[in-house]
Each structure stands twice: as C-alpha cells, then as structure tokens.
Amino acid sequence: MARYTRPAPHRRSSGPWGCISTLASLAIVIVLVGFVAMFAFQTEANRAGPAQSATDFVVDHGATVTRVGKRLEAAGLVRSALLFRLSMMVYERGQIIQAGEYQIPAGASLHQVTTMLATGQALQHPLTFPEGITVAAAMKLIENFDVLSGPLPPAPPEGSIMPDTYHIQRGMTRAALLQQMRDARDRAVAEIWANRDPTVPVTTPEQLVTLASIVERETGVASERAQVAAVFTNRLRAPMRLESDPTIIYGVCKKAPSRCRDGRLVDAQGHIVAIRQSDMAMNTGYNTYQIDGLPPTPICNPGRAALEATAHPAPSNALYFVADGSGGHAFAATLAEHQANVARWRAIETQRLAQEHAEQASANPPAPQPRATTHRTH
C-alpha cells in the first residue's frame, strides 16, 4: 500500500522588501540611540559646571580647541576636554576660539564656556587718556599698561590721537591700540571739519586741531571752551598774537625737558613754579607771545569737546581773559576791562596766599614750596 508523503512547506524568499524592512528597523534604532545620546549630551552640556568660583582663564593667540579643552579640564572649569571639543562642534559649528582673557563664572555650564570662548566675550580692561594729554604722556601709559603686548611703536605726531577711555582685551598689541586711537581722531576731525563754522580763521583740519589744543589746555571748564575759542579766533582775525601761556610751557618742555614734569614747569629742585619772564621772552617756536599766528603743531591732543568748541566758537567780541579766582575765567573785549579783571584776580590770589601762609605758620610745617599760579595775561 502506497504511503502518502506530505509535501514540504514552501519557504518564501524574503527578497528586497525584507532587506528594506531590516534596514528601516536598524535606522530607527540608530535614530533612537542618536536622540538618546543627544539628549544626554544636551543635559551634560547645560548642567552646572565644576568651577567653584569665578576664574580668570587666558586663551593665547593661535591656541587650538584640543589644547584649550585640556587646559580647561586641568583648571577644573569643564569636566571633559573631549566633551568641550564636541560642544564646539555642536554649538559653534567648529568656530575658532577667540584669544583673550576670560572670567569663567562659578558653575558655568559647558555650553556657557563654549559660547564665551567662541564669541570672544573676553574681559575688557579700561585705559583712560585724559583730554589734553600729550603724545609723550600717552606713550608712557601705553608702554606701562601690562594688559597690552608687543613692542612700543614709534610716537606719532602731536595731536594725532583721540583722548578717550579705551576698553582693551588682554593681548592686544600696543601698535593696534595706537592705531585705533589715531583712527578715532581722524574720524572725529573729519566729521567736525565738515560741519565747522566757515568763518573760523583756519584753513586746514590740522590748523583746527592746533587751535583746539590751545583751547583744551587753557581751560578745564567745559562751559568756557567755546568762549575761549572765540577769544583766540578773534585774535587771529584782528590779527593779534595769541599770547597763550600753555604754548610757553610746551615750548620750554620741548627745548629743556628737565624743566618740565607732567606738563608743568619745575625749578632745579623739581618744585613746580610759575612761568617766568625769561620763559615768556624765550622763542621756542611755540611761544605765542613771540610768534604770530598758530604754533607749528598742536601742543596736546584735544578731546572732541574742545574740537567742537573750536569749530563753533561762541558769539563774542572778547579779546582777553584771566582767571577769576573761582576756577573759571573773566572775559573782556577791551584792554582796560581786562586790566581791571587782572587786578581783581591779583587781589584774590594775594588774599589766598596770605591765608595759606597763615595756616602754614600756625601749624608750624616745613618751609612752603613755591607753587604755580594760573595767571593769564591775554
């Protein structure tokens, strides 16, 4: 009797659809793993960092991400140099790190640290150049400011830099700062010259700067600048010599530096002294009691306010001014009026000196030192 043999079950081949299904499943797994990894990375990158207190951290020019990451980890500012490099790739698209000095806050996250270094949020160190500073004094400030780097460049011409407060990142070169100051001055002068009162008797921007430098050194009272500028423009129109005391001091300082300290005249013992008749008679090329018109160069670096005042003098017919004893000046259109103002100032100064001597005598101090006065004989 014949035995019935059951046919074997038919095995269907998976074919291309089976491969696609397998790949799709694998892709889903990879995506899920990626999401989990990204979530874990985001969590790690945005949690509080290990820094226990605010810490200064300096990035040198040309430093690589790898090197900076290792230094950050060694300093205890990030937990992992590897994660720092990954954070730079994820958040900053591989941007280079900006050189400078940074203050990493306590508890700064990896993301925060990455953003600070990639966007250059470095510490800014202020350096102030007061209005009326000379180039020589400015170069000393630049040379001695240890936040700056590089050699001291040659001194630029007097009047070619803009006094201001500059905010400097550690590592900026001295040459770069000086160029920034010169560029700021050039922009300001160009703008002010273009909008000047056309009746001001100067023919070039450099002459405007020279006149403004005298105005700057003649008064520290902001409200007087335009009046002082008016006196000198009136004298140039007359024409009369400017007879400005600061031009005497500047010329003496250039000719005999040992007689000068911080822009003031001193005697052989280094004591500050007033301008002498011999100084007034000295023709240094800058002494406007001895020369006609403007001196050959500025006598300092005027600030923007002095430049503006010189470009737009006050409406005035004054030709003279003298200290009024209160820190400001008394202005006069005639010599007789000026002489009366001078007499009042001398009386005030005599009274002040007498009171000062009386106070010194009562306190039995050492012998008083000679002091400078602010006499103006314009």
Quick one: are T55 and Y102 in side-chain contact, heavy atoms under 4.5 Å? no
Spell out, yes or no, whether V58 and L72 are grouped together once hydrophobic residues are joined by side-chain heavy atoms under 4.5 Å, including indirect joins. no
In this structure, would L83 and M116 fall into the same cluster of hydrophobic residues linked by side-chain contacts under 4.5 Å? yes
Relative to Y320, does R235 satisfy both conditions: NZ or CZ under 6.0 angstrom from the six-membered ring centre, and within 45 degrees of the ring's axis? yes
What residues form a salt bridge (Lys or Arg N to Asp or Glu O under 4.0 Å) with D186, not counting sequence neighbours? none
Please tell me if the side chains of V65 and F84 come closer than 4.5 Å, counting only heavy atoms from C-beta onward. yes
Do the non-hydrogen side-chain atoms of V68 and M88 ever get within less than 4.5 Å of each other? no
Please name all residues satisfying salt bridge (Lys or Arg N to Asp or Glu O under 4.0 Å) with R276, sequence neighbours left out, ordered by chain then number. none
Check: V147 and M172 side chains under 4.5 Å, non-hydrogen atoms: no
Under the salt bridge (Lys or Arg N to Asp or Glu O under 4.0 Å) test, residues paired with R182 that sit two or more places apart: none
Spacing of CG belonging to L307 relative to NE2 belonging to H312, to within rounding of 0.5 Å: 10.5 Å
Tell me, do S213 and P302 make a side-chain contact under 4.5 Å, heavy atoms counted? yes
Between S80 and E73, does any side-chain donor sit less than 3.5 Å from a side-chain acceptor? no
Tell me whether the count of non-hydrogen atoms from other residues, nucleotides or ligands lying under 6.0 Å of CG in N144 goes above 12. yes
If a pair satisfies side chain to side chain donor-acceptor pair (under 3.5 Å) and one of its residues is in residues 148-167, list it, with sequence neighbours excluded. T128-T165, E158-Y250, E158-N301
Taking every heavy atom of T284 against every heavy atom of V252, the minimum-distance pair comes out as CG2-N, 4.0 Å
Rounded to the nearest 0.5 Å, what separation is found between the CD1 atom of I168 and the CG atom of L127? 4.5 Å
Could you pull out all residues at least two apart from A54 that satisfy side-chain contact (heavy atoms from CB on, under 4.5 Å)? Q103
Give me each pair satisfying salt bridge (charged side-chain N to carboxylate O under 4.0 Å, His left out) with a member in residues 107-124, each pair once, sequence neighbours excluded. none
Gap separating the CG atom of L236 from the CG atom of L242, nearest 0.5 angstrom: 5.0 Å
Show me the pairs that pass salt bridge (charged side-chain N to carboxylate O under 4.0 Å, His left out) and involve residues 203-213, at least two apart or across chains. R185-E206
Restricting to side chain to side chain donor-acceptor pair (under 3.5 Å), what partner residues turn up for H125, sequence neighbours left out? E101
Answer with yes or no whether the side chains of Q179 and D183 bring together a donor and an acceptor at under 3.5 Å. yes
Can you see which heavy atom on T203 is nearest to which on W193, and at what distance? C-CH2, 3.5 Å
What residues form a side chain to side chain donor-acceptor pair (under 3.5 Å) with R47, not counting sequence neighbours? E44
Please name the pair of heavy atoms, one in R174 and one in L148, separated by the smallest distance, quoted to 0.1 Å. NH1-O, 3.4 Å
When rounded to the nearest 0.5 Å, the distance separating NZ of K140 from OG1 of T134 is 8.0 Å
Please name all residues satisfying salt bridge (Lys or Arg N to Asp or Glu O under 4.0 Å) with R225, sequence neighbours left out, ordered by chain then number. E131, E216
Examine the side chains of N46 and H111 and answer whether a donor and an acceptor come within less than 3.5 Å of each other. yes
What distance do F57 atom CZ and L123 atom CG have between them, rounded to the nearest 0.5 Å? 12.5 Å
Decide whether I133 and L152 are clustered together by the hydrophobic rule: side chain heavy atoms of Ile, Leu, Val, Met, Phe, Trp, Tyr closer than 4.5 Å, transitively. yes
Can you tell if the side chain of D324 reaches within under 4.5 Å of the side chain of N341, non-hydrogen atoms only? no
Just to verify, what does R237 make a side-chain contact (heavy atoms from CB on, under 4.5 Å) with, not counting sequence neighbours? T199, P201, T233, N234
Residue set satisfying side-chain contact (heavy atoms from CB on, under 4.5 Å) with Q290, at least two apart, ordered chain then number -> N283, N287
Roughly how far apart are L265 CG and I248 CD1, rounded to 0.5 Å? 9.0 Å
